[in-house]
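We name chains A, B, ... by the order of the sequence lines, and we start the count at 1 in each one. Worth knowing before you read on, the calculation uses all heavy atoms, side chains too, and leaves out hydrogens, waters and symmetry mates. Because the structure is a prediction, the values reported are computed rather than measured.
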Amino acid sequence: MQNQKTTKMRIQETLKDNIYNFFNERYNTAIDKDSIKIEKTKEGFEGDFSVNVFPFLRIAKTKPETLASDLGQYLQEKIDTIQSVDVVKGFLNISLSDDFWKEFAQTSATTINYPSIYSNDKIVLEFSSPNTNKPLHLGHIRNNLLGESMSQILKLTGSKVIKVNLVNDRGIHICKSMLAWMKWGEGKTPADVGVKGDKFVGDFYVLFDKKYKEQVKELVEKGMPEEEAKKEAPLIKEAQKLLEKWEAGDPETLKVWKMMNGWVYEGFDETYKKLGVSFDKIYYESQTYKKGKELVYEGLKKGVFYQKEDGSVWVDLTDAGLDQKLLLRSDQTSVYITQDIGTFIIRDNDYQADKYMYVVGNEQEYHFKVLQQILNKLGLDGSKVVHISYGMVNLPSGKMKSREGTVVDADDLIAEVIEKAKEKAEELGKLDNLDEETKKKTYEIIGLGALKYFILKIDAKKDMLFNPQQSVDFEGNTAPFIQYTHVRINSLINKAKNQGINTFELKVVDKPIRTILKTLYEYPQIIAKAALTLNPAVIANYIYDLARDYNQFYQTNPILKAENEDLKVSRLYVSQKVASYLEHALSLFGIDIPEKM
RNA sequence: GGACGUGUAGCUCAAUGGAUAGAGCAACGGCCUUCUAAGCCGUAGGUUGCAGGUUCGAGUCCUGCCACGUUCACCA
């Protein structure tokens, strides 16, 4: 069944069609519709939408002002929703009728027909991809938030999204923490010592590194060259033995491995839950790396890969402007890219998706280019691989490095930001009447909201700087600011209802109301842009503008004490609209809104 | 060295090739007996790294240079 409202053409399209006709009729020229630029009229000029006529001067061969006013006259004759036009230099500013805005106001964020970007595509979206040795840190937070948010945005723009996680649960590094636990763990579990599972295991990884370095140092002092010492230290040899046993399927080793990974997953789950992150399916490298090896051997048979004398397998990508790349070591063990080839195939068998998107840091751009090329060589479609590349999170001291202990731990940061929300709330004292349970919930909503927004508001592809001293803000361009705007609107609406006003209606479209409606009108296009550019920050910029516009509106226009009833219900109507858009947009970031704040 | 990316106010960040480059934080000054001040208003702060070029129009595109980052592993 067709819905008249949602299928109704957006005004930009109507304008474009008519502008096209104008040039066709007057100048007998077919212009490119994409070259027509229609944007929201800038602050300080009269109008709702503006058309820039500069690009068409070559066709019209007149002055910009003349062309703009000719076009304005034409459009006004053809489109009855145009109320008036105004020409400033080469800009044609168009004001639409009150009826247009009244009709638009009936649409809501939850019922809009959002533009379809990857139309009906099935998308497998990988993100998080943790390593079972290291507790999650700030970099993972950015990754998780981007992944979760992009999944929401892509769903909204018409795609079917399957969220997957790929856990790096095998390799020499895992054996290091296993070995450390077997040697010095005294058989204790995380529950025994009251430490979160991922932290518990992470500590043994660090312990291994410490003891290993001691051994290396000792050997060097005895006169061994450092390079050799690193290979000869007893601990590293033991770890390698353990890896061999693991690969051979030694039951005792597998038992420890499973147990320790289990602890880690429990810890991760806790953090994921706090962040509001979830997955439809979890893949484990231990289950996919063999498939990659199979494919490499197949490629070798087909002759798209080649083998060196020492037995290592390579691919030549120089024809694609890349280098030679190792696919299997001389001892036939797999490397990183081998595993990614395997996971691609397994996923493709599982889902037959149109796109496989990976939220992975920009330091791996080269890796994904290589992966695409290799898949092409294997006769698969490498263009299905989409790397959602995001920038690093840096500290004032530089890059975060686990080994040097300069990482911001995810759990610590989450706790800190909730604590900060609590302090702020207690200082303001607005929640004093609430029960403890509600208070606690409110601190979490505000603190986590602040954190999520703080990270997602920055252009995903750019590196960002995080200062632990200053941590996240609660004022200005922040989630609490937006949450607060929403809370205040709700309070207003409740008050109105208590006064017996139950039906809000847009009866008046004055200038302040129009300003808000104009911003709301942009929303679907903002969503589309976020999906297209794979960047949630676009939405953050938008909600901030909307909240700011509304706060200005709220501060300068009395609502419950408006001059007359028509204005009152109109302002209430717009307020409610704004609240629903804010809520909708924040939900795309996984940010909730408290009842009170 | 090659490839990719970044460089905008003191700091953190915005700005589909378009109108006077905008916010927040920090600083300074106002607004709570009136709908929640986590708010609003104002002041100050800029040669958009440098030099050219394309264009009616350049922070945005092109070329060169400078600075910083990432990457080019039988690490993942």
Side-chain angles (χ1 to χ4, degrees), chain A residues 37 39 41-45 50 52 54-55 57-58 64 88-91 93 129 131 133 168 170-173 285 308 310-314 321-323 325-331 333-337 339-340 361-367 369-370 389 391-392 394 396 398-399 421 424-425 427-428 430 446 450 454 457-459 461-467 470 473-485 487-496 499 525 529 532-533 537-538 540-541 544-545 547-548 551-562 571-572 575 596-597:
Chain A
K37 294 182 178 173
E39 44 198 21
T41 302
K42 286 225 161 131
E43 204 68 31
F45 296 94
S50 297
N52 188 339
F54 274 111
L57 288 179
R58 244 186 237 110
V88 181
K89 290 191 267 182
F91 292 92
N93 298 328
S129 316
N131 178 317
N133 266 332
N168 177 356
R170 63 169 286 278
I172 185 76
H173 48 291
E285 273 185 20
K308 287 192 180 170
D310 63 4
S312 56
V313 180
W314 296 74
L322 304 170
D323 282 324
K325 179 83 188 172
L326 176 90
L327 300 176
L328 283 182
R329 297 190 186 100
S330 49
D331 64 3
T333 54
S334 62
V335 291
Y336 183 39
I337 195 101
Q339 294 159 16
D340 262 354
N362 60 13
E363 54 192 357
Q364 289 189 32
E365 273 171 16
Y366 182 77
H367 170 80
K369 272 186 199 156
V370 170
S389 172
M392 299 288 97
N394 294 316
K399 209 183 160 181
K424 180 88 186 170
E427 186 189 316
L428 294 170
K430 292 185 201 172
I446 296 171
F454 186 84
K457 79 172 173 184
I458 293 165
D459 190 335
K461 69 175 188 295
K462 288 192 178 171
D463 288 354
M464 64 174 282
L465 195 114
F466 182 84
N467 188 337
Q470 291 162 359
D473 295 327
F474 287 79
E475 281 156 27
N477 188 359
T478 66
F481 171 83
I482 294 154
Q483 290 168 323
Y484 177 71
T485 306
V487 167
R488 213 159 54 165
I489 292 171
N490 268 351
S491 159
L492 191 65
I493 284 164
N494 286 334
K495 212 157 242 184
Q499 290 177 13
Q525 277 163 338
K529 193 179 168 191
L532 199 63
T533 58
V538 176
N541 295 335
Y544 177 60
D545 280 345
R548 207 156 37 99
N551 279 321
Q552 196 175 27
F553 174 82
Y554 175 91
Q555 212 85 207
T556 46
N557 299 283
I559 296 173
L560 293 175
K561 291 186 176 145
R571 285 174 182 167
L572 279 166
S575 300
K596 272 192 162 185
M597 70 184 282

* Asked: How is Leu492(A) classified with respect to the nucleic acid when contacts are heavy atoms under 4.0 Å: base, sugar-phosphate, or nothing?
  -> base
* To do: Tell me whether the OP1 or OP2 atom of rC35(B) has a side-chain N or O from Lys495(A) closer than 4.0 Å.
  => no
* Could you give the distance separating rU43(B) and rG59(B) at their P atoms, to the nearest angstrom? => 24 Å
* Give one of base, sugar-phosphate or nothing for Tyr554(A), where a contact means two heavy atoms less than 4.0 Å apart. => base
* Could you measure between the two P atoms, the one in rG49(B) and the one in rA21(B), and give it in whole Å? => 15 Å
* Considering only the P atoms, how many Å lie between rU55(B) and rG10(B), rounded to the nearest integer? -> 34 Å
* Asked: When the distance from CD of Gln552(A) to P of rC35(B) is rounded to whole Å, what number comes out?
  -> 20 Å
* Is there aromatic stacking of Tyr366(A) against rA3(B), centre distance under 5.5 Å, plane angle under 30°? -> no
* With a 4.5 Å heavy-atom cut-off, do Asp323(A) and Tyr366(A) have their side chains touching? -> yes
* **Nearest heavy atoms of Ser334(A) and Arg170(A), plus distance in Å** => OG-NH1, 4.0 Å
* **Counterpart base for rU63(B), defined by Watson-Crick or G-U wobble contacts under 3.5 Å** => rA51(B)
* Asked: rC13(B) and rC74(B): how far apart are their P atoms, nearest whole angstrom?
  -> 35 Å
* Spatial distance of atom CD1 (Ile458(A)) from atom CG (Asp463(A)) [nearest 0.5 Å] -> 10.5 Å
* Asked: Looking at Lys461(A) and Glu365(A), does any basic side-chain N land under 4.0 Å from a carboxylate oxygen?
  -> no
* To do: Could you tell me the separation between the CD atom of Glu365(A) and the P atom of rU71(B), rounded to a whole number of Å?
  => 11 Å
* At under 4.0 Å between heavy atoms, what does Ser50(A) touch on the DNA or RNA strands: base, sugar-phosphate, or nothing? -> base
* Give none if rC68(B) has no partner; otherwise give the nucleotide forming a Watson-Crick or G-U wobble pair with it, both distances under 3.5 Å. => rG5(B)
* Taking CG from Asp473(A) and P from rC11(B), how many angstroms apart are they, rounded to a whole number? -> 16 Å
* With a 3.5 Å cut-off and just heavy-atom distances, do the side chain of Ser491(A) and the base of rC35(B) make a donor-acceptor pair? -> no
* From Asn133(A) CG over to Asn131(A) CG, what is the distance, rounded to the nearest 0.5 angstrom? -> 5.0 Å
* Can you tell me the distance, in whole Å, between the CE atom of Met464(A) and the C1' atom of rC11(B)? => 14 Å
* Asked: Where each residue is assigned the nucleotide of RNA chain B containing its nearest heavy atom, which of Gln555(A) and Asn93(A) is assigned the position nearer the 5′ end?
  -> Asn93(A)
* Between Thr478(A) and Asp473(A), do the side chains contain an N or O donor and an N or O acceptor separated by less than 3.5 Å? -> no
* Of all the choices, rG7(B), rG39(B), rG18(B), which nucleotide is nearest to the side chain of Asn52(A) once you look at every atom? -> rG18(B)
* NA contact type, Gln364(A), heavy-atom cut-off 4.0 Å: base, sugar-phosphate, or nothing? -> base
* Asked: Given the C1' atoms of rA67(B) and rA51(B), what is the spacing between them in whole Å?
  -> 15 Å
* To do: Name the pairing partner of rA27(B), where a pair is Watson-Crick or G-U wobble with both distances under 3.5 Å, or state none.
  => rU43(B)
* Beyond-backbone contact of Asn52(A) with Glu39(A), side-chain heavy atoms, under 4.5 angstrom -> no
* Asked: Mind checking the C1' distance from rA23(B) to rA15(B)? Whole angstroms is fine.
  -> 10 Å
* **Touch class at under 4.0 angstrom, heavy-atom based, for Glu39(A) against every strand present** => base
* Determine the contact category for Phe481(A): base if any of its heavy atoms lies under 4.0 Å from a base atom, sugar-phosphate if only primed atoms, P, OP1 or OP2 are that close, otherwise nothing. => sugar-phosphate
* Asked: Just to confirm, is there a sub-4.0 Å distance from OP1 or OP2 of rU16(B) to any side-chain nitrogen or oxygen of Lys529(A)?
  -> yes
* Asked: Reckon Leu465(A) touches a base, only the sugar-phosphate, or nothing at all at heavy-atom distances under 4.0 Å?
  -> sugar-phosphate
* What is the nucleic acid contact for Ile446(A), judged by heavy atoms within less than 4.0 Å: base, sugar-phosphate only, or nothing? -> base
* Tell me what Lys89(A) touches on the nucleic acid: a base, only sugar-phosphate, or nothing, going by heavy atoms under 4.0 Å. => sugar-phosphate
* Asked: Contact class for Asn557(A) (heavy atom, under 4.0 Å): base, sugar-phosphate, or nothing?
  -> base
* **Euclidean distance for C1', rA44(B) against rG39(B) (whole angstrom)** => 22 Å
* Could you tell me the separation between the CG atom of Asn133(A) and the P atom of rC75(B), rounded to a whole number of Å? => 17 Å
* Describe the nucleic acid contact of Pro55(A) in one word from base, sugar-phosphate, nothing, applying a heavy-atom distance below 4.0 Å. => base
* Asked: Of the nucleotides rA14(B), rC35(B), rG18(B), which one has an atom closest to the side chain of Asn541(A)?
  -> rA14(B)
* Find the distance between NZ (Lys37(A)) and CZ (Phe54(A)) and round it off to the nearest 0.5 Å. => 12.0 Å
* If you look at every strand shown and take non-hydrogen atoms under 4.0 Å, does Lys424(A) touch a base, only sugar-phosphate, or nothing? -> base
* To do: Counting heavy atoms from C-beta on, name the nucleotide in rA76(B), rG24(B), rA19(B) closest to the side chain of Arg329(A).
  => rA76(B)
* Does a side-chain N or O from Arg571(A) land closer than 4.0 Å to OP1 or OP2 of rC35(B), or not? -> no
* To do: Just compare rC72(B), rC35(B), rG39(B) and give me whichever is closest to any side-chain atom of Asp323(A).
  => rC72(B)
* **For rG22(B), the Watson-Crick or wobble partner whose two distances fall under 3.5 Å** => rC13(B)
* Asked: To the nearest Å, how far apart are Glu363(A) CD and rU6(B) C1'?
  -> 15 Å
* Look at the side chain of Asn362(A) against the base of rG5(B) and say whether a donor-acceptor pair falls under 3.5 Å; ignore hydrogens and angles. => no
* Assign Asp340(A) to base, sugar-phosphate, or nothing according to its heavy-atom contacts below 4.0 angstrom with the strands shown. => nothing
* Have a look at Lys457(A) and say if it touches a base, only the backbone sugar-phosphate, or nothing, with a 4.0 Å heavy-atom cut-off. => nothing
* To the nearest Å, how far apart are Asp459(A) CG and rA15(B) C1'? -> 12 Å
* Quote, to the nearest angstrom, the C1' distance that separates rG46(B) from rU8(B). => 8 Å
* **Rounded distance in Å - CZ (Phe45(A)) to P (rG18(B))** => 14 Å
* Asked: Just wondering, do Tyr484(A) and rG39(B) stack (centres under 5.5 Å, planes under 30°)?
  -> no
* To do: Report yes if the side chains of Arg488(A) and Leu492(A) come closer than 4.5 Å at any heavy-atom pair, otherwise no.
  => no
